[in-house]
Amino acid sequence: MEKDKKLKPSKELPLGFVDRQEKELLTRDFIISNIKEVMIKYGFQYLETPSFEYSESIGKYLPDKERPDQGVFSFQDEKKWLSLRYDLTAPLARYVAKNYLEIPKPFKRYQLGTVWRNEKPGPGRFREFLQFDADFIGTKNLQADAELCVLISEILEKCGLAKKDYTVKISSRKFTEDLFAELKISSKGQASTVLRALDKIDRLGWSEVKKLLATGRKDDSGDYTDGANLNDEQILTLEKKIKETKPSTEDVLEIIKIFESYNFTNYQYDPSVIRGLEYYTGPIFEVNLNFEVKNNKGQTIQFGSIGGGGRYDNLINNFGNLDCPATGISVGIDRLVYALMQKKEFNLKTSKPVVICVFNKADLGEYIKILKILREENISSEVYPGEGNLKKQMQYANKINSPAVILYGENEINSGKPTLRDLKSGKEQSIEIKSLVNEIKKIL
RNA sequence: GCAGCUGUAGCUCAGCUGGUUAGAGCACUAGUUUGUGGAACUAGGGGUCGGUGGUUCGAACCCACCCAGCUGUACCA
């Protein structure tokens, strides 16, 4: 008996995992339906790959790091390691390599799927979340990169954002390559420290980033981060270059030219866009929201980007001798949902059921007659599914936000006229069964 | 990983310098109203005060260690 307490299962969720409720899910559905519409219009194929992949298929070959089990949820099955996918790009690369001969080239596909990351969650960042990816495989044509920016912008506007609400930032890996050449930085370690520092300009501001470029920085909590050890002259040169507003690399210039043909203007050249991924080889882009986002305590939070992407011409080559250039974009759908829910009230019809109250179990047949009439008309409805007196049933209807209840007790059954109570106004009327549907539709 | 902060009811939190049976609001259950919700009133259920060890006549409160969460920072294929 004593041990019972210890056996009680925990009702806590694993760190970084969340329950998602209807309002959020409906907003998400709305976004997804917009995505699908746009993607069909732009001529992309719909693809789904499994949640699990062999770890080696989505991890080891990636040039970035050689830590197969860090940041990823993995387990060993027989002899092989399996991992939950951490993005949709790696599985795509695997898919393309596997089906290389069959797929059209170029291959355009889009995918919506849950991804998992075994890392520390932050505000608005979870360990399980939904991603949307669109990619062009097998083309070096920069029209593809341009079109990704155009397409994401169309999706966002379809979701109700105005041009001023978001910006597509664009830069290129070539910019940083040129930069490192000019600064005479050849050490890979130093280069990546510089990149990581530059990536933080948005969040920390230039003066803090400058410390990271020099000897190091102490953050608010007192923690210390080592710097990239650039000298003053290097930092000065870098500052000048990073604050340039005119693109200097050919790829970006060409993309901007293509934007003009599309009449797409909502972009911004920003050389401080770095993106973490080391597999990018050319143009890179990032989508930022320009309005404030608050957390559940009402504090404004640093929201960062909702998505981004770029060109990765060498990634697929890792699977073998496949010279297969590619470019793609990813969007964190849940983050977009979170932001959109604050941006404007979506009038998403949630259509809660009309509740038919139960007075007497023996009359269930009568209740169901009415129920069938309503459902025939696609009116969300139910016979009270629990047990209890009328008061309890009213409380239930109120709690689920039901628009109306139908009272069909002895008196009503005898007269053949159910009572319809509008739960918003509290008004009741006694009406013929045949006009019930029309009256309810007025309330809805 | 590092640093700071925080762990008391389902939720949000109070609990003064250690002192009888640990509190509030919300939520929940029942009743006032045995055929009427959202309001009010009344009553009620629900806590090894994160865990372990220590100090003390006595610990939610002090000390040590551990665990968990939050925030920042690092890493992030």
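Lettering of chains follows the sequences in order, A, B, ..., and the numbering in each one begins at 1.
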Under 3.5 Å, N/O pairs linking protein and nucleotides 26-30 of chain B:
unit_1 : atom_1 : unit_2  : atom_2 : d
C28(B) : OP1    : K399(A) : NZ     : 3.1

Please list, for nucleotides 43-46 of chain B, all pairs of protein and nucleotide N/O atoms separated by less than 3.5 Å.
none

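Remark on RNA chain B: of its neighbouring residues P14(A) and K120(A), the 5'-side contact belongs to P14(A), judged by nearest-heavy-atom nucleotide.
Geometrically, R20(A) engages F126(A) in a cation-pi contact defined by less than 6.0 Å to the ring centre and at most 45° from the axis.
When the nucleotides A74(B), G37(B), G35(B) are ranked by their closest atom to the side chain of L390(A), G35(B) comes out on top. Of the listed nucleotides (U73(B), U36(B), G35(B)), U36(B) has the atom at the smallest distance from the side chain of M394(A). Nearest to the side-chain atoms of Y279(A) among the listed nucleotides U36(B), A77(B), G35(B) stands A77(B). When distances are taken from the side chain of E119(A) to each of U32(B), G35(B), C76(B), the shortest belongs to C76(B). Residue L15(A) has its side chain nearest to C70(B) when only U32(B), C70(B), A74(B) are considered.
For a distance-only test at 3.5 Å, the side chain of N398(A) fails to qualify as a donor-acceptor partner of the base of G38(B). Residue E412(A) places a side-chain atom within donor-acceptor reach of the base of G35(B), judged by atom type and a 3.5 Å distance cut-off alone. Side-chain N/O atoms of N389(A) and base N/O atoms of G35(B) include no donor-acceptor pair closer than 3.5 Å.
Screening residues 355-395 of chain A for ring pair (Phe, Tyr, Trp, His ring centres under 6.0 Å) gives Y384(A)-Y396(A) as the qualifying pairs, with residues at least two apart or on separate chains.
For the residue pair D270(A) / S171(A), no side-chain donor-acceptor distance below 3.5 Å is found, with atom types taken as modelled.
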